[in-house]
**Q** 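After the structure tokens below, expect a handful of questions from me.
FYI, side chains are in, hydrogens and waters are out, and symmetry mates aren't considered; it's all heavy atoms of this structure. Sequential numbering from 1 along the given sequence is applied to the chain's residues.
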Amino acid sequence: MTQKRGPRRRDRHGRGLRGPLAPSHVPIAKSRSERFDDLVLDAVDRLRPRWEKQLAAVEFAVEEVPPLSELGDGPRLNSDPIPFGRADAAAGQSPASVVIYRRPLEARARDRDTLGAMVHDTVVEQVATLLGLSPETVDPGYDDRR
């Protein structure tokens with residue numbers, strides 16, 4: 001009777017990965033989506049000291065792309081054809097939420113610093129929409145980058 005072996009880690013010629021490419025504690029070990037999640041969390045953390053009470057019940061999420069229902073059928077005059085995020089007010093049992101779309105932001109960013117600034121601006125804009133305030137009120141430094 002043959003014994004069942006565990007999952008094969010290497011190919012039949014003895015080649016293949018022997019272990020992880022990088023230790024888990026170095027930045028290169030994080031995936032692109034994990035690094036994007038960190039950028040969103042950093043942006044929210046920068047707003048929390050000033051808006052902690054208002055943001056306590058708000059859920060923040062990241063989605064890859066906007067749903068088809070949010071995409072227009074052609075160019076619109078007043079807004080971007082592809083949104084960077086959305087803010088949903090609390091309704092019934094579901095709490096208020098802010099959703100940031102990863103792929104549209106990554107596609108427009110030149111580098112990591114630009115992506116961080118765009119993510120922060122998008123979070124500020126969506127929080128401002130949710131609170132019914134201007135982005136400059138939510139983050140006084142918002143207008144300086146424009």
**Q** Measure the shortest side-chain to side-chain distance between P83 and P104 over non-hydrogen atoms and say whether it is less than 4.5 angstrom.
**A** no

**Q** Tell me whether E59 contacts the main-chain N or O of S97 through its side chain, where contact means a donor paired with an acceptor under 3.5 Å.
**A** no

**Q** Side chains of D111 and T114: does their closest heavy-atom pair fall under 4.5 Å?
**A** yes

**Q** Please name the pair of heavy atoms, one in T137 and one in P140, separated by the smallest distance, quoted to 0.1 Å.
**A** O-CD, 4.5 Å

**Q** May I ask you to check whether D42 and H120 show a side-chain donor-acceptor distance below 3.5 Å?
**A** no

**Q** For a quick test of reading the model, state the closest non-hydrogen atom pair linking L47 to V124 and the distance between them.
**A** CD2-CG2, 4.0 Å

**Q** How about L115 and D113: do any of their side-chain heavy atoms sit closer than 4.5 Å?
**A** no

**Q** If the test is side chain to side chain donor-acceptor pair (under 3.5 Å), which one of R103, R102, R108 qualifies with E106?
**A** R102

**Q** Tell me which one of E64, R86, E63 satisfies side chain to side chain donor-acceptor pair (under 3.5 Å) with Y101.
**A** R86

**Q** Could you report the tightest heavy-atom contact between V138 and W51, atom names first, then the distance?
**A** O-NE1, 2.9 Å

**Q** Is there a path from V123 to V58 through hydrophobic residues (I, L, V, M, F, W, Y) whose side chains come within less than 4.5 Å of each other?
**A** yes

**Q** How close do I82 and P66 get, counting heavy atoms only, and between which atoms?
**A** CG2-CG, 4.1 Å

